[in-house]
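Have a look at the structure below before the remarks.
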Amino acid sequence: MAVIDTLTSQDSIALENQYGAQNYHPLPVVLSRGEGVYVWDVEGKKYYDFLSAYSAVNQGHCHPKIISALKDQAEKLTLTSRAFYNDMLGKYEKFATEFFGFDKLLPMNTGAEAVETAIKLARKWGYEKKGIPANQAKIIVCQNNFHGRTVTIISASNDPVATENFGPFTPGMVSIRYNDINALTEALKDEHVAAFLVEPIQGEAGVYVPDDNYIKEAYALCKSKNVLFIADEVQTGIARTGRLLATCGNCSCEDKNCSRTPDVKPDVLILGKAISGGVFPVSAVLANDDIMEVIRPGNHGSTFGGNPIACAVAMAALKVVKEEHLAQNAFELGNLFRSEMQKLIKETNLVRLVRGKGLLNAIVINDTEDSSTAWNICMALKENGLLAKPTHGNIIRFAPPLVMTKEQLLECVSIIRKTLLEFKN
Ligand SMILES: *Cc1c(COP(=O)(O)O)cnc(C)c1O
């Protein structure tokens with residue numbers, strides 16, 4: 001088959017099946033355009049995007065201000081490598097550190113790279129500042145975590161699909177139960193622990209929201225043991241959960257709901273996905289000087305990390321979050337969405353519960369873990385003009401772009417309602 005300009009959905013899927021590694025199992029829809037909360041397939045059918053590229057497109061598809069920053073910078077300078085300075089990186093680092101309230105930023109490209117960076121930073125800090133004996137540093141992680149796909153990161157995973165036949169694994173990972181303060185207390189008795197790496201809400205695992213005080217107590221425990229608290233906010237960050245950060249500590253967020261949140265400021269903050277509005281691969285590790293200063297020239301790096309396009313795009317994407325009050329909008333629409341889902345749960349046996357924060361939510365389907373009901377519901381939602389994807393078994397994550405209006409959200413609720421009430425397996 002020749003690669004021609006206009007392919008049908010069937011053609012595109014066939015090409016991927018024939019020429020692409022089969023490392024994903026996508027819903028059979030082929031998208032060719034996006035704008036705001038909408039995407040269109042190649043046949044012109046319009047959908048609400050209820051995944052937002054796993055919370056990368058929080059600012060909506062092709063946001064004009066972000067795309068304009070991308071185009072402008074692309075015409076001036078794209079990449080210098082860090083062998084030389086460029087006139088965008090310093091500007092961006094000042095902007096982003098002030099935005100999130102940290103002394104320093106280390107720029108990378110993907111979420112996994114930023115997690116790797118945080119692990120390296122924590123180990124080096126552990127040896128040089130805490131005095132852990134050489135090569136004995138441990139990182140505490142939580143069961144059912146998702147931090148990315150590199151060998152070191154999957155060494156912290158207990159998902160058999162992600163780990164089987166990829167060994168040998170990186171040592172030094174201690175896995176404990178999520179949302180279990182006693183387990184953390186126990187694990188912290190080991191003096192070789194450098195850091196606790198945690199997601200404020202476990203997104204991939206099925207949007208597991210921990211108890212209200214879990215993150216706050218975990219943070220306090222880490223402090224008492226001189227252990228770094230590393231927040232992986234690649235998915236929960238950038239306004240997704242109704243505040244700028246799910247751990248929202250001493251940041252510059254003007255969201256009035258912040259006063260009701262636990263006051264946690266991670267020692268190390270990991271960001272990715274929506275820091276660029278899904279326009280360009282941009283990730284970052286933020287920390288204060290006393291921690292970041294252990295990284296010296298030659299210790300770590302990335303050819304593309306901190307490139308001028310990434311810097312321009314990320315600044316534009318973060319400005320949009322503030323200008324359009326996306327944290328506030330996610331907070332309000334999230335409350336509305338969950339209360340509408342609660343009503344729906346009373347009308348159907350198909351859904352067991354809804355949970356989440358802001359616009360990071362999931363419904364749990366009333367069926368066995370290995371059933372295909374959640375997948376089939378997503379297929380029916382697709383037919384009715386809304387795209388969502390099951391995560392880990394019988395759970396469907398709902399994470400629309402944060403630029404959604406109340407009217408649009410209510411239309412989505414009615415699509416979900418109609419689909420579930422009419423659904424036959
Ligand atoms: C997506 C994600 C990552 C990995 O990001 P990539 O850009 O896919 O490497 C890490 N942590 C969390 C919590 C994520 O959701």
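All ligand and atom numbering here is 1-based and tracks the order in the structure. Numbers here are sequence positions counted from 1.
- Shown in contact with Glu199 at under 4.0 Å from a heavy atom are these atoms of ligand 1, numbered in order with element: 13 (C).
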For this session: Starting from the C-alpha separation in whole Å, work towards a yes-or-no answer on side chain to side chain contact (heavy atoms under 4.5 Å, CB included) for Asp267 and Lys223.
Result: CA-CA 10 Å; Asp267 299 301; Lys223 289 299 90 189; 2.8 Å; yes
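- Listed by chain and number, the residues in a salt bridge (Lys or Arg N to Asp or Glu O under 4.0 Å) with Arg33 are Glu35 (sequence neighbours excluded).
- Counting protein heavy atoms only, atom 1 (C) of ligand 1 is closest to Lys273 NZ, 1.5 Å.
- What sits closest to atom 11 (N) of ligand 1 on the protein, heavy atoms only, is Asp232 OD2, 2.7 Å.
- Considering backbone and side-chain atoms together, Gln235 places an N or O closer than 3.5 Å to an N or O of ligand 1.
- Screening Ile270, Ile140, Asn145 against Leu197 for a side-chain contact (heavy atoms from CB on, under 4.5 Å) leaves a single residue, Ile270.
- Inside a 4.0 Å radius of atom 8 (O) of ligand 1 there is not any protein heavy atom.
- A donor-acceptor contact shorter than 3.5 Å is absent between the side chain of Glu340 and the backbone of Phe337.
- If you number the atoms of ligand 1 from 1 as listed, the ones under 4.0 Å from a heavy atom of Phe146 come out as 1 (C), 2 (C), 3 (C), 11 (N), 12 (C), 13 (C), 14 (C).
- The aromatic rings of Tyr38 and Trp40 sit tilted, their planes meeting at an angle between 30° and 60°.
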Distance-only donor-acceptor hits, side chain of residues 54-67, under 3.5 Å, sequence neighbours excluded:
| from | atom 1 | to | atom 2 | distance (Å) |
| --- | --- | --- | --- | --- |
| Ser55 | OG | Arg240 | NE | 3.1 |
| Asn58 | OD1 | Arg240 | NE | 3.3 |
| Asn58 | OD1 | Arg240 | NH2 | 2.7 |
| Asn58 | ND2 | Ile238 | O | 3.0 |
| Gln59 | NE2 | Ala274 | O | 2.9 |
| Gln59 | NE2 | Ala317 | O | 3.2 |
| His61 | NE2 | Asp49 | OD2 | 2.7 |
| His63 | ND1 | Lys65 | N | 3.1 |
| His63 | NE2 | Glu324 | OE2 | 2.7 |
| Lys65 | NZ | Glu323 | OE1 | 2.7 |

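- Of the protein's non-hydrogen atoms, Gly111 N, 3.5 Å is the one closest to atom 6 (P) of ligand 1.
- Counting atoms of ligand 1 from 1 in the listed order, those under 4.0 Å from a heavy atom of Ala112 are 4 (C), 5 (O), 6 (P), 9 (O).
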